[in-house]
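For reference, the structure is listed below as structure tokens.
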Amino acid sequence: MSETMYPTRQRCKRCARKLGGPGVPVYFGLYCTPKCAGLAELHTDAAAAPRECKTERGGRWEFKRRYRSASELPNNLRDDVSVSTYPCSHCGHLHLGHSRINLANETHRVLGDRTALADLLTKARGHATLKQVAEVAKIRPIRLKELEDPTTEKVDFNALFAVLAVYRIKVAAVLKERAGR
């Protein structure tokens, strides 16, 4: 059985004090203070904070936006399938992970593994359904679902190239020169 989380939960899981309120932090959706949540002292300087809790904007580090629950996410982000959230082990709040690909700013991306490829395909799909993209690519929707799932062992490369053509993504190889040549 899963835990009842904030905002449904009204009391701290450890000390039973009131949970939340306007502008009051809630840690992991269960606790009222970092001590109750079992967190270490929180950093006050973004440059010293762990990478999962900060982002680089304009050449300097800033803390990521903190959300107490998924219900606090703006509607456009909550409804977007390409947006991921994760609980931060440093501050105990939800942060936004990667979201949609911005083709105006991003011209290339180096993919190091299946997870990165699956992430790219999911974000490139945006609001379209698996069925819609599969229809345009002339593949079965299950093949696209397999491509977007990094744990799937079966990969249909013909389906991959058909989907990449629909998204107007071209595959390139980055060849690194060996030292001493």
Side-chain angles (χ1 to χ4, degrees), residues 1-106 109 111-133 141 144-152:
M1 189 166 144
S2 65
E3 292 273 357
T4 303
M5 307 290 274
Y6 178 83
T8 305
R9 177 183 284 276
Q10 296 296 308
R11 298 271 174 207
C12 176
K13 183 177 179 180
R14 177 158 289 158
C15 69
R17 282 189 282 200
K18 184 176 181 344
L19 198 59
V24 178
V26 175
Y27 302 91
F28 299 115
L30 300 168
Y31 305 102
C32 63
T33 64
K35 183 179 178 183
C36 284
L39 293 172
E41 183 81 22
L42 300 179
H43 289 281
T44 55
D45 179 28
R51 180 66 182 98
E52 68 181 324
C53 199
K54 65 184 180 181
T55 187
E56 191 173 8
R57 288 191 190 111
R60 62 188 194 102
W61 290 108
E62 293 181 16
F63 284 107
K64 288 186 175 183
R65 175 95 194 263
R66 296 175 179 175
Y67 298 97
R68 298 181 292 183
S69 71
S71 64
E72 290 185 346
L73 294 170
N75 287 338
N76 62 328
L77 295 175
R78 193 175 333 133
D79 297 337
D80 191 347
V81 295
S82 69
V83 173
S84 63
T85 60
Y86 62 94
C88 178
S89 61
H90 171 255
C91 71
H93 288 85
L94 287 177
H95 293 308
L96 291 177
H98 295 285
S99 58
R100 222 173 303 150
I101 297 171
N102 185 350
L103 293 175
N105 296 335
E106 189 172 357
R109 181 181 289 195
L111 307 175
D113 56 15
R114 273 291 306 277
T115 305
L117 175 63
D119 185 55
L120 174 75
L121 293 174
T122 303
K123 290 176 183 174
R125 182 165 50 89
H127 293 293
T129 65
L130 291 169
K131 186 176 180 181
Q132 290 169 333
V133 173
L144 179 54
K145 187 174 183 179
E146 290 170 352
L147 292 171
E148 290 184 1
D149 181 5
T151 61
T152 303

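- Smallest separation of non-hydrogen atoms from Leu96 and Lys64: O-NZ, 3.9 Å.
- Qualifying salt bridge (charged side-chain N to carboxylate O under 4.0 Å, His left out) partners for Lys13, counting only residues two or more places apart in sequence or in other chains: Glu3.
- With Gln132 contributing its side chain and Thr129 its backbone, the two residues share a donor-acceptor pair below 3.5 Å.
- Sorted pairs that involve residues 30-50 and meet side chain to side chain donor-acceptor pair (under 3.5 Å), not counting sequence neighbours, are lacking altogether.
- Here the side chain of Arg14 pairs a donor or acceptor atom with the backbone of Cys36 at under 3.5 angstrom.
- Arg60 meets the salt bridge (charged side-chain N to carboxylate O under 4.0 Å, His left out) test with Glu62; sequence neighbours excluded.
- Taking 4.0 Å as the cut-off between side-chain N and carboxylate O, Asp149 and Lys145 do not count as a salt-bridged pair.
- A donor-acceptor pair under 3.5 Å is absent between the side-chain atoms of Arg125 and the main chain of Leu120, judged by distance alone.
- Note that CG of Leu117 is 7.0 Å distant from CG of Leu147, once rounded to the nearest 0.5 Å.
- Leu39 is linked by a side-chain contact (heavy atoms from CB on, under 4.5 Å) to Tyr27, Phe28, Pro34, Ala37, counting only residues two or more places apart in sequence or in another chain.
- When all heavy atoms of Lys54 and Ala46 are compared, the closest pair comes out as CD-O, 3.0 Å.
- Considering all non-hydrogen atoms of both residues, Cys91 and Cys88 come closest at N-SG, 3.5 Å.
- Pairs passing the ring pair (Phe, Tyr, Trp, His ring centres under 6.0 Å) check and including a residue from residues 45-69, sequence neighbours excluded, do not occur.
- No donor-acceptor distance shorter than 3.5 angstrom exists from the side chain of His93 to the backbone of Pro87, with no hydrogens or angles considered.
- Heavy-atom minimum distance, Arg66 versus Cys53: NH2-SG, 3.9 Å.
- Of the possible donor and acceptor atoms, one in the side chain of Arg114 sits under 3.5 Å from a partner among the backbone N and O of Thr152.
- Of the inter-residue distances, the one linking Arg9 atom CZ with Leu19 atom CG reads 7.5 Å to the nearest 0.5 angstrom.
- For CZ of Arg17, the number of neighbouring non-hydrogen atoms (other residues, nucleotides, ligands) closer than 6.0 Å is 12 at most.
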Could you please spell out the steps behind the side chain to side chain contact (heavy atoms under 4.5 Å, CB included) verdict for Arg65 and His95? CA-CA 6 Å; Arg65 175 95 194 263; His95 293 308; 5.9 Å; no

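- The nearest pair of heavy atoms linking Cys12 to Cys32 is SG-N, 3.5 Å.
- Residues Glu148 and Thr122 are in side-chain contact: their nearest non-hydrogen atoms beyond the backbone lie under 4.5 Å apart.
- The salt bridge (charged side-chain N to carboxylate O under 4.0 Å, His left out) test applied to Glu52 returns no partner, not counting sequence neighbours.
- With values rounded to the nearest 0.5 angstrom, Asp119 atom CG is found 9.0 Å from Leu111 atom CG.
- The two residues Arg68 and Gly21 make their nearest non-hydrogen contact at NH1-O, 2.6 Å.
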